[in-house]
Amino acid sequence: MADGELDFWSFVELANRRLAEEFGFRHQLATEVLLTLNRASNIVTYDLEASVHRPRGQSWSGFRLLFVTWLAGPLEAKKAAELTGMSRAAVSNLSKTLVADGLLERTPGEHDGRSVLLSLSERGRAVMVEVFREHNEREHEWTSVLTEAEQRILVMLLDKLITNRDQFDVRGRN
């Protein structure tokens, strides 16, 4: 098969066949599930960033931090890192930019002089309401190809995948 003929799905088929026949790997379905999950996540994330956030001068990671802070804040930077799936260093660096943009406020933590509390500024709250309206409509466009039952099943299956990761040694930020 020539490289030009490959698309994502034919690549997955090729990979599964070669992994099994040439290398003797047995878990092709696991590879297919995770390749597909990763591909879907990357496509949706890129689309949301490109269609909603970048035109407003924001990044996907900036949106994630603002979103978590908007709905769960004020919160310590450590907790923001946990909820966003980012490293503490990434949250620290990103929060400096968002503070400079007037969207986020950083105040010293009450119990620990080293900790920082993050909260949205008034402008940040107004921006998040506006941005999330558009973001949520785009989410709906993506998910409307699935029935409500299919959406709930997908959430249930992804939750099962995530919550059962303690059965083996998972590497992660949190």
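Just so it is clear, the values below take in all heavy atoms, side chains as well, and ignore hydrogens, waters and symmetry mates.
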Pairs where residues 151-161 contributes a residue and the test salt bridge (charged side-chain N to carboxylate O under 4.0 Å, His left out) is met, not counting sequence neighbours: E148-R152

Going by salt bridge (charged side-chain N to carboxylate O under 4.0 Å, His left out), name the pairs with one or both residues in residues 117-132, residues two or more places apart or in two chains. R56-E130, E122-R125

Side-chain donor-acceptor contact under 3.5 Å, S10 with D7: yes

Is it true that [X] and [Y] fall in one hydrophobic cluster, defined by side-chain heavy atoms closer than 4.5 Å?
| X | Y | result |
| --- | --- | --- |
| V99 | L65 | yes |
| L117 | W70 | no |
| V155 | L157 | no |

For [X] against [Y], the heavy-atom pair lying closest together:
| X | Y | value |
| --- | --- | --- |
| A77 | L118 | CA-CD1, 4.1 Å |
| F11 | L35 | CE2-CD1, 4.5 Å |
| T69 | L120 | CG2-N, 3.9 Å |
| V91 | A81 | CG2-CA, 3.6 Å |

Quick one: side-chain contact (heavy atoms from CB on, under 4.5 Å) partners of [X], sequence neighbours excluded?
| X | answer |
| --- | --- |
| V44 | L48, W142 |
| S144 | H140 |
| S61 | S59, R64, M86, L94 |

For F25, is the CZ atom crowded, meaning more than 12 foreign heavy atoms sit under 6.0 Å from it? no

Going by side-chain heavy atoms closer than 4.5 Å, which hydrophobic residues are tied to L161, directly or by a chain of links? L29, V33, L34, L37, V145, L146, L154, L158

I'd like to know if the side chain of S121 and the backbone of L103 have a donor-acceptor N/O pair within less than 3.5 Å. yes

Is it true that a side-chain atom of S92 and a backbone atom of R88 form a donor plus acceptor pair closer than 3.5 Å? no

For the CG atom of L66 and the CG atom of L71, what is their distance to the nearest 0.5 Å? 10.5 Å

Can you tell me how far the CD atom of Q58 sits from the CG atom of L98, to the nearest 0.5 Å? 6.0 Å

What pairs with [X] under salt bridge (Lys or Arg N to Asp or Glu O under 4.0 Å), at least two apart in sequence or on another chain?
| X | value |
| --- | --- |
| E21 | none |
| D47 | R138 |
| R39 | none |
| E76 | none |

Contacts of type side-chain hydrogen bond (donor to acceptor under 3.5 Å, both in side chains), residue E13, not counting sequence neighbours: none

Show your working on side-chain contact (heavy atoms from CB on, under 4.5 Å) between S119 and T107 and close with a plain yes or no. CA-CA 8 Å; S119 58; T107 56; 5.6 Å; no

So ring pair (Phe, Tyr, Trp, His ring centres under 6.0 Å) across residues 45-64, not counting sequence neighbours, yields H53-W60, H53-F63, H53-H135, W60-F63, W60-H135, F63-F67, F63-H135

